[in-house]
Amino acid sequence: MLMTKRRPSSAGEMLTAEFIEPLGIKKTELAAKTGLPRKHVSELCRGRRAVTSDTALILARVFGNSADFGSIRSVGWMCGRR
């Protein structure tokens, strides 16, 4: 297995790159659609907040994907932070 020093992408980086930017929505709009505070969404996108199972379910409902997406990314990111 090839080991690299590259840090894994955070759930927020993936959220921004895979959903927010391609769909052209603003964090404020996402906050309104999810019912989460804008600060919470902003912290998710900056990688300062982990995606909890509840948040993953909310995001899955809004984007129409699997709740595993956020949880798996978040776990991988947290493991890479050690």
Using a 4.5 Å cut-off on heavy atoms from C-beta on, say whether the side chain of [Y] contacts that of [X].
X: E18; Y: P22; result: no
X: K27; Y: L44; result: no
X: F19; Y: L30; result: no
X: F63; Y: L15; result: yes

- Using atom types as modelled and distance alone, determine if a side-chain donor or acceptor of T16 lies under 3.5 Å from a backbone N or O of E13. no
Please name the pair of heavy atoms, one in [X] and one in [Y], separated by the smallest distance, quoted to 0.1 Å.
X: I20; Y: C45; answer: CD1-SG, 3.4 Å
X: R38; Y: T28; answer: NE-OG1, 3.1 Å
X: A17; Y: E21; answer: CA-OE1, 4.2 Å

- List the steps and the verdict of salt bridge (charged side-chain N to carboxylate O under 4.0 Å, His left out) for E43 and R48. CA-CA 5 Å; E43 288 174 348; R48 295 181 185 239; over 6 Å; no
- Message: Tell me whether the count of non-hydrogen atoms from other residues, nucleotides or ligands lying under 6.0 Å of NZ in K33 goes above 12.
- Response: no
- Message: Run the side chain to side chain contact (heavy atoms under 4.5 Å, CB included) test on L57 and S53 for me, step by step, so that the C-alpha distance in whole Å, both residues' side-chain angles and the decisive distance to 0.1 Å come before the verdict.
- Response: CA-CA 6 Å; L57 288 171; S53 56; 5.5 Å; no
- Message: For the OG1 atom of T55 and the CG atom of L36, what is their distance to the nearest 0.5 Å?
- Response: 5.5 Å
